[in-house]
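Worksheet: the structure to be examined is printed underneath.
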Protein chains: 2
Amino acid sequence: MPTIKEVALLAGVSTATVSRAMMNPQQVAEKTRRKVEAAIAEVGYSPNAIARNLRTSESKTIVVIIPDIENMFFAKIVRGIQTIAQQQGYKVLLGDTVHNATLANDYLELVRSKQADGVISLTAELPKVLQHGTSMPMVMACEYFPDFPIPTVRIDNQAAAYQAVKYLLELGHKQIAYISGPLDNPICIARSAGYRQAMQEAGYSINELAKEEGDFSFHSGHAAFERLHRQYKMSALFCFNDMMALGAMRSAISLGLKVPDDLSIVGMDDLLFSQYTDPQLTTIMQPQTLIGETAMQILIKILNAKTVHQDNVLQTQLLVRSSSRRYQKL
Amino acid sequence: MPTIKEVALLAGVSTATVSRAMMNPQQVAEKTRRKVEAAIAEVGYSPNAIARNLRTSESKTIVVIIPDIENMFFAKIVRGIQTIAQQQGYKVLLGDTVHNATLANDYLELVRSKQADGVISLTAELPKVLQHGTSMPMVMACEYFPDFPIPTVRIDNQAAAYQAVKYLLELGHKQIAYISGPLDNPICIARSAGYRQAMQEAGYSINELAKEEGDFSFHSGHAAFERLHRQYKMSALFCFNDMMALGAMRSAISLGLKVPDDLSIVGMDDLLFSQYTDPQLTTIMQPQTLIGETAMQILIKILNAKTVHQDNVLQTQLLVRSSSRRYQKL
DNA sequence: TTGAAAGCGCTAACAC
DNA sequence: GTGTTAGCGCTTTCAA
């Protein structure tokens, strides 16, 4: 690999001039600039970003931490991030943690070591140290730590769950079960609260058997429904995301249930596929692209030292499709 | 951010000793090592990877280039790559190009500029220069350049398509249409050849109207089927991937067709969802995890300078499910 | 077993 | 407008 030295030698100038020709072309004479450019082309030089970053401590790169690349929910968010990033000249690197905080640490390391300027985390499964606040440029999207002031963009999880369950109640359902994500996850805690709020408002008591835990994956939804089906008689089911809802729906169908006749299902997210399943999935839509765009915009503000702590709460929307219907006595 | 200097100062040793305590603990005295470790802990030191990489010219990081993060096909491949990478102490960074060769170049830049040691590309949509061979450590997976000797891991695309179409022919279908990916894509060219081979062997001529082009996305499959349905009367459809097959299947159903009674559909990949749609999708399975693992193993060999050119062809398998059935006169 | 010192490739102050 | 020089934080000879 050719270095800046060789280019300088060939162009007959100093390395500083070569550097300037690249970083601030206008402050080097037209003629020398062309010599430099010719030399760069001739030796096939490409600057060593590591050395450059070491010097400037800026990489124009950001890292996005994703807990599970198999969960399609994150794809659109990433796209939103990329749109803004590209406009502002940032590269986006993705890190899949497979729900592993240790792996997440590797990606955070990129920021600490200046290989990336900032990080957007789509998961709260991060190393413990970090959960007590951090000095690195970081924004959380979707998930969050309730007690620490990290800039966040998210939805109102409790209100969203409340809306879903209220909708089912209004359809006349009384036995409403739900499949949660990891129970200690803040967004799941909030959504559970929304469920309870709606049920209690309607005068129903909470049955512990009406709840099962998954990990947001399709398979976990499938498995959770099988357990639920054995332990609790329900006419409606609310799942904390669409992947699990789709898994649960498949499980229900293969257990011989008709959706929505025997079981109404409501999910959350609104994935690409959710409108194309059979039946089409009723769900609470999260504005995925907007979440990504907003997160990136906030990160850019932070990087420009306009330090802001914001807790951005975006709007959700109930999309009624055909996996849910009015309760009917069987 | 504390540097090695501060640690050295606090521990009362030289920076060299601190460095050794981290890199080669055994060659520093037990006692000093403990002093160093204490100092590291006290100041909260974490080595600056940039500086380290600059020195060692090795980043223990690899980049995976993905053409479309929304296509679930790549998720399992990435997981395969990660498994091996982690075992060998490599970090994996993902770059989504949104089918854009310019963006792909940004990610290749990471390797040129030493921010990453090598690259695995899951797409052939790369800058033109690169297609004439490259000196950077790189392996292609799934897609490939037919004429350049880049180590590759892939399936036998022609044989796989042949197998799919042959299967439909054996079911008695004659009017077999197909939805291709981008027509200039080498894997699509190979799969088209497989289609033609099977049709011609069976004594059928090739009807240009029996073909439509998509971009491997769900939506493109949906749209392609609508066009196809207008221009060609078919009893069976082969799609070059599952995403498009699922899109086409939804389109067919909403046009009032019964799958598989009115239309048999065969896809390719075997996505997580493909076995859970209704009807379940018959498809040609690609060993996604194995593709990822193999690609990473080859890349590691290359990085260890055991330069190998390999063209690894992995096995596919026809999975007969319920989206296809014997041809019946209507 | 440890320290001094050179240098990875680059950019930015400062001089000319 | 351009060159000289220092130094980003680290690893690694070379000597002691």
### Task
Considering non-hydrogen atoms only, spot the tightest contact between A:Ala104 and A:Ile65 and give its length.
O-CD1, 4.1 Å
### Task
Not counting sequence neighbours, which residues clear salt bridge (Lys or Arg N to Asp or Glu O under 4.0 Å) with B:Glu70? List them please.
A:Lys76, A:Arg79
### Query
Taking the side chain of B:Thr56 as its heavy atoms from C-beta onward, which of D:dC8, D:dT12, C:dC10 lies nearest to it?
D:dT12
### Message
In this structure, how many angstroms lie between the P atom of C:dT11 and the CD1 atom of B:Ile50, rounded?
### Response
13 Å
### Query
Does the side chain of A:Asp68 come within less than 4.5 Å of A:Thr97's, by heavy atoms?
no
### Task
Quick one: closest heavy-atom pair of A:Leu303 and A:Pro137, and the distance?
CD2-CB, 3.6 Å
#### Entry: Heavy-atom closest contact (A:Met243 atom, A:Phe216 atom, distance)
CB-O, 3.3 Å
### Query
Whole-Å distance between C:dT2 C1' and B:Lys31 NZ?
13 Å
### Sugar-phosphate only, base, or nothing, as touched by B:Ser19 at under 4.0 Å among non-hydrogen atoms
base
### Query
To the nearest angstrom, how far is A:Met23 atom CE from D:dT2 atom C1'?
17 Å
### Query
When the C1' atoms of the five terminal pairs at each end define the local axes, what inter-axis angle does the helix from C:dT1-D:dA16 to C:dC16-D:dG1 show, to 10 degrees?
40°
### Query
Side chains of B:Tyr107 and B:Leu93: does their closest heavy-atom pair fall under 4.5 Å?
no
### Query
Whole Å only: how far is the CZ atom of A:Arg52 from the C1' atom of C:dC8?
16 Å
### Message
Hydrogens and angles aside, do A:Ser113 and A:Gln115 bring a side-chain donor and acceptor to less than 3.5 Å of each other?
### Response
yes
### Task
By nearest nucleotide on DNA chain C, pick out whichever of A:Val18 and B:Gln26 is the more 5' one.
B:Gln26
## Note on the structure
From CD of B:Glu30 across to P of C:dT2 the rounded distance in Å is 11 Å
### Message
Pick the closest DNA chain C nucleotide for A:Ser46 and for B:Thr32 by heavy atoms, then say which residue is nearer the 5' end.
### Response
B:Thr32
## Note on the structure
A:Gln27 CD to D:dT2 P, in whole Å, measures 10 Å
#### Entry: Sidechain N-carboxylate O distance under 4.0 Å for B:Glu30, B:Arg33
yes
Dump the pairs, protein N or O against N or O of nucleotides 3-7 of chain C, anything under 3.5 Å, distances to one decimal.
unit_1	atom_1	unit_2	atom_2	d
C:dG3	OP2	B:Ser14	N	2.9
C:dG3	OP2	B:Ser14	OG	3.1
C:dG3	OP2	B:Thr17	OG1	2.5
C:dG3	N7	B:Arg20	NH2	2.8
C:dG3	O6	B:Arg20	NH1	3.2
C:dG7	N2	B:Arg55	NH1	2.9
C:dG7	N3	B:Arg55	NH1	3.4

### Message
How close do A:Asp117 and A:Ser59 get, counting heavy atoms only, and between which atoms?
### Response
OD1-N, 2.8 Å
### Task
Figure out the CD1/P separation between A:Ile4 and D:dC8, and round it to whole Å.
19 Å
#### Entry: Distance in angstrom units between B:Leu54 CG and C:dG9 C1', rounded
6 Å
